[in-house]
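What you are looking at is a predicted structure, and each value in this text was computed from that prediction instead of being measured.
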Amino acid sequence: MSLALSRLLQLASPALPVGAYTYSQGLEWAVEAGLVKDQAAALEWIARLLENGVSHFEAPLTACLQRAWIAADDYEVKRLNADFLASRESSELRAETVQMGYSLRRLLHELDDFPLPPAFDSLPEVSFPVGWALAAASWEIAIADSLTAYLWSWCENQTMAALKTVPLGQAAGQRILLALGRRLPAVVQQALELPEERWSNFAPGLALASSRHETQYSRLFRS
């Protein structure tokens with residue numbers, strides 16, 4: 001049992017007060033539109049976004065951010081933060097990462113014995129991956145492990161959103177997570193090896209779902 005493992009569990013915990021549970025990233029609109037209406041459809045929606053969207057941009061970018069923090073490369077952190085903010089294709093998706101990044105930065109300030117580099121506070125807006133990568137680097141968590149936990153947290157939040165909106169039972173949620181968990185090792189490996197010239201956040205279905213959610217009449221989630 002290592003200290004890094006316990007820190008990783010803390011970082012990936014739903015108890016981390018960053019507000020991730022308040023977002024569905026367009027999934028709520030997909031349910032409203034009838035695109036997601038059962039366990040199978042929920043798994044397909046989440047898995048496709050994981051494997052064809054998150055794994056090709058957000059995941060490799062988050063890994064690179066952790067490498068940049070380890071190397072104390074402030075310019076690279078600033079560049080990747082700007083790239084991620086620019087990649088958010090709707091106002092809701094952008095507001096989500098800025099709010100979660102703000103909450104995580106405030107939390108890290110309040111933790112005991114947590115060294116915060118000046119470059120972190122110099123960013124006018126902090127995307128969530130920047131704060132996550134800094135915490136993982138500071139707690140000396142292996143990059144592959146921190147990225148696995150980051151993606152697991154994303155899968156868990158999406159699954160919980162499906163449970164509330166479809167709605168689905170708890171057993172269905174666990175079956176979805178088991179299926180997603182089997183895919184994570186390959187997704188993480190791909191993200192760690194993907195060169196930046198092949199990164200892509202092309203996910204038109206997500207962009208449309210998110211933009212339409214902004215005017216959805218009845219909503220549980222903020223995105």
Asker: Within a strict 4.5 Å, meaning less than it, do heavy atoms of the Phe202 and Phe57 side chains meet?
Answerer: no
Asker: Is any NZ, NE, NH1 or NH2 atom of the basic residue among Arg219 and Glu92 found under 4.0 Å from an Asp or Glu carboxylate oxygen of the other?
Answerer: yes
Asker: Measure the CG-CG distance between Leu27 and Leu206 for me, rounded to the nearest 0.5 Å.
Answerer: 10.5 Å
Asker: Answer yes or no: is there a donor N or O on one side and an acceptor on the other, between the side chain of Thr22 and the main chain of Arg222, under 3.5 Å?
Answerer: no
Asker: Is it the case that the side chain of Gln66 and the backbone of Ile141 share a donor-acceptor pair, with hydrogens and angles ignored and the cut-off at 3.5 Å?
Answerer: yes
Asker: Please find the pair of heavy atoms, one from Ser218 and one from Gln216, that lie closest to each other, and give the distance.
Answerer: O-NE2, 3.1 Å
Asker: Would a 4.5 Å heavy-atom cut-off, applied to side chains only, mark Pro60 and Glu196 as touching?
Answerer: no
Asker: Determine whether a donor-acceptor pair (N or O, by modelled atom type, separation under 3.5 Å) exists between the side chain of Gln158 and the backbone of Ser24.
Answerer: yes
Asker: If we ignore hydrogens and angles and just use 3.5 Å, is the side chain of Trp199 paired with the main-chain N or O of Leu61 as donor and acceptor?
Answerer: no
Asker: Looking at every heavy atom in both Ala203 and Leu49, which two are closest together, and how far apart are they?
Answerer: CB-CD1, 4.4 Å
Asker: Is there a side-chain contact between Trp152 and Leu184 in this structure, where contact means two heavy atoms from C-beta onward sitting under 4.5 Å apart?
Answerer: yes
Asker: Could you tell me if the side chain of Glu140 sits less than 4.5 Å from the side chain of Arg7, heavy atoms only?
Answerer: no
Asker: Quick one: are Pro129 and Tyr150 in side-chain contact, heavy atoms under 4.5 Å?
Answerer: yes
Asker: Are a donor atom and an acceptor atom from the side chains of Ser210 and Glu89 found within less than 3.5 Å of each other?
Answerer: no
Asker: Apply side chain to side chain donor-acceptor pair (under 3.5 Å) to residues Gln170 and Gln174 and explain how you reach the verdict.
Answerer: CA-CA 6 Å; Gln170 295 296 328; Gln174 291 304 308; 5.3 Å; no
Asker: Between Thr165 and Val31, is there a donor-acceptor pair closer than 3.5 Å when you use the side chain of the first and the backbone of the second?
Answerer: no
Asker: Can the positive tip of Arg88 be found less than 6.0 Å from the middle of the six-membered ring of Phe84, inside 45° of the ring normal?
Answerer: yes
Asker: Any side-chain heavy atom of Leu163 within less than 4.5 Å of one from Thr159?
Answerer: yes
Asker: Is it possible for you to say whether Leu111 and Val130 belong to one hydrophobic cluster, with membership spreading through side-chain heavy-atom contacts below 4.5 Å?
Answerer: yes
Asker: Looking only at heavy atoms, which two atoms of Pro117 and Trp69 are closest? And how far apart?
Answerer: CG-CZ3, 3.3 Å
Asker: With distance as the sole test, does Asn201 use its side chain to make a donor-acceptor pair with the main-chain N or O of Glu58 at under 3.5 Å?
Answerer: no
Asker: Counting only N and O atoms by type, is there a donor-acceptor contact under 3.5 Å from the side chain of Ser13 to the main-chain atoms of Gln10?
Answerer: no
Asker: Which pair of non-hydrogen atoms, one from Leu194 and one from Ser55, has the smallest distance, and what is that distance?
Answerer: CD2-O, 4.3 Å
Asker: So do the side chains of Val18 and Tyr102 get within less than 4.5 Å of each other, counting heavy atoms only?
Answerer: no
Asker: Do the side chains of Leu177 and Met160 get nearer than 4.5 Å, heavy atoms only?
Answerer: no
Asker: If you measure from OG1 on Thr148 to CD on Gln189, what distance do you get to the nearest 0.5 Å?
Answerer: 9.5 Å
Asker: Sub-3.5 Å donor-acceptor pair from the side chain of Glu28 to the main-chain atoms of Phe221, do we have one?
Answerer: yes
Asker: Counting only heavy atoms not in Arg67, do more than 12 sit closer than 6.0 Å to its CZ atom?
Answerer: yes
Asker: Is atom NZ of Lys164 surrounded by more than 12 heavy atoms (other residues, nucleotides or ligands) closer than 6.0 Å?
Answerer: yes
Asker: For residues 11-35, which residue pairs pass the ring-ring contact (aromatic ring centres under 6.0 Å, His included) check, not counting sequence neighbours?
Answerer: none
Asker: Quick check: closest heavy atoms across Leu123 and Val77, and the distance to 0.1 Å?
Answerer: CD1-CG1, 4.3 Å
Asker: Are the side chain of Ser223 and the backbone of Gln25 linked by a donor-acceptor contact shorter than 3.5 Å?
Answerer: yes
Asker: Distance check, rounded to the nearest 0.5 Å: Glu76 atom CD versus Cys64 atom SG?
Answerer: 7.0 Å
Asker: Any idea which heavy atoms bring Leu11 and Ala135 closest together, and the distance?
Answerer: CD1-CB, 3.9 Å
Asker: Answer yes or no: is there an ion pair linking Lys78 with Asp74, defined by an N-O contact shorter than 4.0 Å?
Answerer: no
Asker: Please check: side-chain N/O of Asn81 versus main-chain N/O of Val126, any donor-acceptor pairing under 3.5 Å?
Answerer: no
